[in-house]
Structures are given as structure tokens and as C-alpha cells.
Amino acid sequence: MVKDGYEDIMNIDISSVAIDMMRRKYEQVPQMKYMKMDVRDMSFFPDDSFHSVIDKGTLDSLMCGNNAPISAVNMLGEITYGDPTVRIPHLNRSVYSWKIELYIIPRPGFQKPADSASSAKSFLEPVPITEKGQLPADYVLEDPDSHFIYICKKTGEPIDLSNKSPYSLSL
């Protein structure tokens, strides 16, 4: 990202070992900052501190732990690789006021089968999804190990999550 011109990149992780390792590895890159923090509570930062957030595996980790629904709601309330039918219900909660775009990118080196009848798709165009996170009935997912990228854009005013139970948040 720095090579592409990004000047102020905040990296957070709950592991002080990971933070120390990355800080040492990229000490010559002043645009990269590191902080030990739990994504479920980012109250250290004022609202609207970030223009965008990139999650590379955190939501997946939280979904495998104890109290997964609560952890996911707490993380997403502060701010994926995963099948849309599993992710969209968490991302599409009305409380977040997000417009969601889905991009599907095949894994590196994937070769479309020679007998594939599907037309060429651009990976630069979002894939339409239903409100329940389903791919269109005529969509052919050629590589089942594709990477799913979700772009979530705020559409309205943020809602205060501090007094809401994660189980009461409507879809």
C-alpha cells in the first residue's frame, strides 16, 4: 500500500508478539504504524478516524471462537474471506447502514476448466447478490476456493451500538 502512495497506515493486532515482529520488519517504512488492540473495542480512536478498513482474517478468527456472534457484532460495530451466505447476514444488519459490494477473485494460478461454458467475467466488477447473500441463480462459481472481498460503504448515520444486545440487532 505504501508503494501505491498510501501515507498513513495503522495496523492493529491483539497479539503483542505479532505487533513487535511487524514493527521490526518494517521499521524503515515510517508510513506504517502498529498498535496492540482488540478490534472489538477501538474506543481509543475517535469516530470517523479511518477512511477505510481492511480485514485480513480477523473476522474469520472471531467466528471460530467462543461467543462468535457477539464477537463479530462487536468487531463490525467498530468497523473477508468467506462465503457470502455466511458473511452477508453479519454485514447486512440494518444497524450498520452499509451498502455491500461483493467481488469474487479466483485463487492465484486457477485455470478455468476447458469445458466451462460460462462467459468471461471481469474481476473488477462487483457480483450482484441477494439480500440474503445468495449469488444469482445463474452465477457459476468456477473456483470454489475463490477469495471473497466485501466492500462495505456507510449509507446513513451511524447508530450507537453501546446499548444494544448483539442478539437483538436486526438483519
Side-chain angles (χ1 to χ4, degrees), residues 1-64 71-84 86-112 119-129 133 135 139 141-161:
M1 290 177 67
V2 170
K3 290 178 184 177
D4 288 333
Y6 291 89
E7 294 292 324
D8 189 15
I9 303 169
M10 176 56 71
N11 300 280
I12 67 168
D13 199 291
I14 198 165
S15 167
S16 59
V17 172
I19 290 295
D20 291 343
M21 182 176 69
M22 296 307 287
R23 189 177 282 137
R24 282 191 304 275
K25 183 175 181 176
Y26 294 105
E27 64 187 350
Q28 75 286 359
V29 184
Q31 298 91 335
M32 304 273 279
K33 297 167 186 66
Y34 298 91
M35 181 176 280
K36 179 186 179 301
M37 181 176 287
D38 187 331
V39 296
R40 296 169 293 182
D41 178 11
M42 294 183 56
S43 57
F44 175 83
F45 296 104
D47 288 348
D48 300 321
S49 292
F50 301 99
H51 295 288
S52 60
V53 175
I54 299 173
D55 165 34
K56 188 183 178 307
T58 303
L59 185 56
D60 284 333
S61 295
L62 291 174
M63 293 303 294
C64 294
S71 292
V73 167
N74 288 342
M75 175 192 162
L76 294 172
E78 294 287 350
I79 349 211
T80 212
Y81 180 89
D83 183 286
V86 176
R87 295 292 183 256
I88 296 293
H90 293 286
L91 299 173
N92 204 27
R93 295 175 185 260
S94 61
V95 70
Y96 301 134
S97 301
W98 285 341
K99 176 184 179 280
I100 302 168
E101 291 180 354
L102 170 65
Y103 293 80
I104 300 178
I105 301 174
R107 62 191 144 90
F110 173 76
Q111 296 292 321
K112 187 183 341 183
S119 61
K121 299 179 186 102
S122 169
F123 305 119
L124 302 176
E125 297 293 324
V127 174
I129 54 175
L135 295 171
Y139 188 88
L141 182 62
E142 295 165 343
D143 179 7
D145 295 321
S146 292
H147 296 277
F148 300 97
I149 299 172
Y150 305 92
I151 310 257
C152 304
K153 299 176 184 175
K154 288 284 187 185
T155 61
E157 292 298 315
I159 298 172
D160 180 13
L161 297 176

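Any value given below was found using the heavy atoms of this structure, including those in side chains, with hydrogens, waters and symmetry copies removed.
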Beyond-backbone contact of Ile104 with Leu135, side-chain heavy atoms, under 4.5 angstrom:
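A side-chain contact exists here, since the closest heavy-atom pair is under 4.5 Å.
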Partners passing salt bridge (charged side-chain N to carboxylate O under 4.0 Å, His left out) against Lys153 (at least two apart in sequence or in another chain)
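Lys153 satisfies salt bridge (charged side-chain N to carboxylate O under 4.0 Å, His left out) with Glu101 once adjacent residues are dropped.
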Could you give the distance from [atom1] ([X]) to [atom2] ([Y]), rounded to the nearest 0.5 Å?
{"X": "Ser71", "Y": "Asp38", "atom1": "OG", "atom2": "CG", "value": "8.0 Å"}
{"X": "Asp13", "Y": "Tyr34", "atom1": "CG", "atom2": "OH", "value": "11.0 Å"}
{"X": "Cys64", "Y": "Leu62", "atom1": "SG", "atom2": "CG", "value": "9.0 Å"}
{"X": "Met10", "Y": "Met42", "atom1": "CE", "atom2": "CE", "value": "8.5 Å"}

Suppose we screen for ring pair (Phe, Tyr, Trp, His ring centres under 6.0 Å). Which residues come up paired with Phe45, at least two apart in sequence or across chains?
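Partners of Phe45 by the ring pair (Phe, Tyr, Trp, His ring centres under 6.0 Å) criterion, ordered by chain and then number, come out as Phe50.
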Got a donor-acceptor contact below 3.5 angstrom from the Asn11 side chain to the Lys33 backbone?
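Checking the backbone N and O of Lys33 against the side chain of Asn11, a donor-acceptor pair under 3.5 Å is found.
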Please report the shortest heavy-atom distance between Met35 and Ile19, naming the atom on each side.
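Closest approach of Met35 to Ile19, heavy atoms only: O-CD1, 3.4 Å.
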Considering non-hydrogen atoms only, spot the tightest contact between Leu102 and Ile129 and give its length.
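Closest heavy-atom pair between Leu102 and Ile129: CD2-CG2, 3.4 Å.
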Audit row: Arg40, Ile14, side chain to side chain contact (heavy atoms under 4.5 Å, CB included) steps and yes/no:
CA-CA 10 Å; Arg40 296 169 293 182; Ile14 198 165; 4.2 Å; yes
Can you pull out every side chain to side chain donor-acceptor pair (under 3.5 Å) where at least one residue sits in residues 16-31? Sequence neighbours excluded, please.
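Checked against side chain to side chain donor-acceptor pair (under 3.5 Å) - neighbours excluded - no pair reaches residues 16-31.
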Can you confirm whether more than 12 heavy atoms, excluding those of Ile54, are under 6.0 Å from its CD1 atom?
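Open.
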Please evaluate residues Trp98 and Thr155 with respect to the criterion side chain to side chain contact (heavy atoms under 4.5 Å, CB included), reporting the C-alpha separation (whole Å), side-chain torsions for both, the decisive distance (0.1 Å), and the verdict.
CA-CA 6 Å; Trp98 285 341; Thr155 61; 5.9 Å; no
